[in-house]
Amino acid sequence: MQSPRLLYRSFQKSLSSSTTLPCNLFAKKKPITLQGRVGNYLVRDVSVTGTMTENKKSLYNVVFVLGGPGAGKGTQCEKIQETFGFQHLSAGELLRQERQAPGSQYGEEIEGHLKNGSIVPVAITCSLLRREMDNSPKNNFLIDGFPRNKDNLDGWNIAMEGVAKVRAVLFFNCPDDVCVDRCMNRGLTSGRTDDNAESLKKRIETYRNSTMPIIEHYRALNLVTEVDGNRSPEQVRLSLTCPLRNFQQFFFLPEQAMCITER
Ligand SMILES: Nc1ncnc2c1ncn2[C@@H]1O[C@H](COP(=O)(O)OP(=O)(O)OP(=O)(O)O)[C@@H](O)[C@H]1O
Ligand SMILES: Nc1ccn([C@@H]2O[C@H](COP(=O)(O)O)[C@@H](O)[C@H]2O)c(=O)n1
């Protein structure tokens, strides 16, 4: 007889090959969200959002969230983090906090990059992300605004090997003029030193020249889910539901959350 672990693996395999996976498998939070057959066995997955945190200190599961400035990354990450059992980490926000931190040795350097729309060296950004991940009770992270260039990507790959696994990349595609308008509007109240016409020109340039190649890199690895960000926030949120449920299903189920019963 096959061990439960092996059964679980073949169950996962059978799911991964399905192209018509229904999107509402995870609609119920408790108690049972998924079930299927492996040979003579009925395999039930009882994993729910809450149980996903119990897998702590295995590899961190990471979904990178990329797109132009103002494409709506932060807005959507905030909306979806709890529902899908992620913690949202915004690289830009962590840098802004570090810039303000009393006694930070990086404050000035970070401020220079923020104003210029250029990218802070990865050693700083990656350590900030790592600290948040290590201090979090969660194992699953939406990392928003990272990796933004090759330095970010290479630094992450070196520092996070054996620590975190990139499971998917969400790419918010939105026209530049819409992005700029949104950021200019945000600038009326955000207090951000980079929500102005001059910084935005540079940020868009950095996005086109340095971040798009990273998105293409992940696209070639078949990890990118592209989202049309040029719609209402609610429409964007709805369009994310299906991919996020599938990510949960394929990547985030702890083995101990599987319930296997002989039939
Ligand atoms: N779908 C949308 N339609 C209209 N406005 C939006 C939409 N999504 C977000 N916004 C607004 O646009 C501005 C930028 O959104 P948000 O901060 O989520 O973008 P972002 O991609 O995280 O930007 P950045 O990378 O510059 O931090 C905010 O003021 C937000 O309220
Ligand atoms: N990986 C990153 C992310 C951000 N920055 C700097 O922060 C600015 C704002 O980022 P948002 O994601 O909040 O728009 C960005 O323009 C960069 O200057 C970075 O250096 N590295």
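Whatever order the structure lists ligands and atoms in, that order sets their numbers, starting from 1.
Without hydrogens or angle criteria, R182 side chain to A71 main chain gives a donor-acceptor distance under 3.5 Å. Under the 3.5 Å distance criterion, the side-chain polar atoms of K150 are left unmatched by any main-chain donor or acceptor of S210.
A side-chain hydrogen bond (donor to acceptor under 3.5 Å, both in side chains) with H88 is found for one member of E82, Q81, E78 and no other, namely E78. When the options L142, V62, I80 are evaluated for a side-chain contact (heavy atoms from CB on, under 4.5 Å) with F86, the one that passes is L142. Residue R203 forms a side-chain contact (heavy atoms from CB on, under 4.5 Å) with just one option from S118, P69, C179, and that option is P69.
In this comparison of K115, E111, R96, R148, the heavy atom closest to atom 12 (O) of ligand 2 sits on R148. By heavy-atom distance, the residue among R186, R237, R148, M184 lying nearest atom 24 (P) of ligand 1 is R186. Between atom 27 (O) of ligand 1 and the options R96, R192, E93, E234, the minimum heavy-atom separation is to R192. Proximity annotation for atom 10 (N) of ligand 1: of Q76, R182, E78, K79, R182 comes nearest, heavy atoms only. Taking each of L66, T75, D194 in turn, the one with a heavy atom nearest to atom 15 (O) of ligand 1 proves to be T75. Within the set G92, G145, C183, the minimum heavy-atom distance to atom 2 (C) of ligand 2 is found for G145.
Here the side chains of V180 and I204 are in contact, with some heavy-atom distance below 4.5 Å.
In summary, the atoms of ligand 2 found under 4.0 Å from a heavy atom of H113, numbered by their order in the structure, are 18 (O). For ligand 2, the atoms closer than 4.0 angstrom to any heavy atom of F146 are 1 (N). Near I119, the atoms of ligand 2 lying under 4.0 angstrom from a non-hydrogen atom of the residue are 20 (O), 21 (N). Using a 4.0 Å cut-off to heavy atoms of A91, the atoms of ligand 2 that qualify are 1 (N), 3 (C). Under a 4.0 Å criterion applied to the non-hydrogen atoms of G74, ligand 1 contributes the atoms 18 (O), 20 (P), 22 (O). Shown in contact with R231 at under 4.0 Å from a heavy atom are these atoms of ligand 1, numbered in order with element: 1 (N), 2 (C), 3 (N). Near G68, meaning under 4.0 Å from one of its heavy atoms, ligand 1 places the atoms 21 (O).
Of all protein heavy atoms, the one lying nearest to atom 25 (O) of ligand 1 is K73 NZ, 2.8 Å. In terms of protein heavy atoms, atom 19 (C) of ligand 2 is closest to L95 CD1, 3.3 Å. Annotation: atom 16 (O) of ligand 2 to nearest protein heavy atom, R203 CG, 3.8 Å. Here the protein heavy atom with the shortest distance to atom 23 (O) of ligand 1 is G70 N, 2.9 Å.
For S118, every heavy-atom contact with ligand 2 shorter than 4.0 Å involves the backbone, none the side chain. Residue-level proximity to ligand 2 for N152 is carried by the side chain, the only part with a heavy atom below 4.0 angstrom. When heavy-atom distances to ligand 2 are checked against a 4.0 Å cut-off, R192 comes that close only through its side chain, counted from C-beta outward. Counting heavy atoms closer than 4.0 Å to ligand 2, residue T206 contributes nothing at all. Here L114 has heavy atoms under 4.0 Å from ligand 2 in both its backbone and its side chain. With a 4.0 Å heavy-atom cut-off, ligand 2 is reached by no atom of K73.
The N/O atoms of V236, backbone and side chain alike, include none that comes under 3.5 Å of an N/O atom in ligand 1. For a threshold of 3.5 Å applied to N or O pairs, the pair formed by V120 and ligand 2 contains at least one separation below that value. Checked against a 3.5 angstrom limit, the closest N/O atoms of G72 and ligand 1 fall inside it.
You'll find the ring centres of F141 and Y60 inside the 6.0 Å limit.
Residues A91 and G145 share a closest heavy-atom pair of CB-O, 3.7 Å.
A heavy-atom separation below 4.0 Å is found between A71 and ligand 1. Residue G92 places no heavy atom under 4.0 Å from ligand 1. Residue contact annotation: S232 has a non-hydrogen atom under 4.0 Å from ligand 1.
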**OP:** Show your reasoning for whether side-chain contact (heavy atoms from CB on, under 4.5 Å) applies to F64 and V166.
**Re:** CA-CA 7 Å; F64 285 141; V166 180; 3.4 Å; yes
**OP:** Could you walk me through whether R219 and E226 pass side-chain contact (heavy atoms from CB on, under 4.5 Å), step by step?
**Re:** CA-CA 9 Å; R219 209 196 298 268; E226 187 165 332; 2.8 Å; yes
Original post:
Going through the checks in order, is the side-chain contact (heavy atoms from CB on, under 4.5 Å) test met by L238 and E234?
Top reply: CA-CA 6 Å; L238 286 173; E234 183 56 11; 4.0 Å; yes
Subject >> Working for salt bridge (charged side-chain N to carboxylate O under 4.0 Å, His left out), residues R99 and E108 >> reply: CA-CA 7 Å; R99 175 192 56 180; E108 268 182 39; over 6 Å; no
Original post:
Would R208 and E205 count as a salt bridge (charged side-chain N to carboxylate O under 4.0 Å, His left out) if you check the C-alpha gap in whole Å, the side-chain angles of each, and the deciding distance to 0.1 Å?
Top reply: CA-CA 5 Å; R208 290 274 156 219; E205 238 174 68; over 6 Å; no
**OP:** Evaluate side-chain hydrogen bond (donor to acceptor under 3.5 Å, both in side chains) for R237 paired with S232, printing each intermediate quantity in order.
**Re:** CA-CA 9 Å; R237 187 189 70 79; S232 75; over 6 Å; no
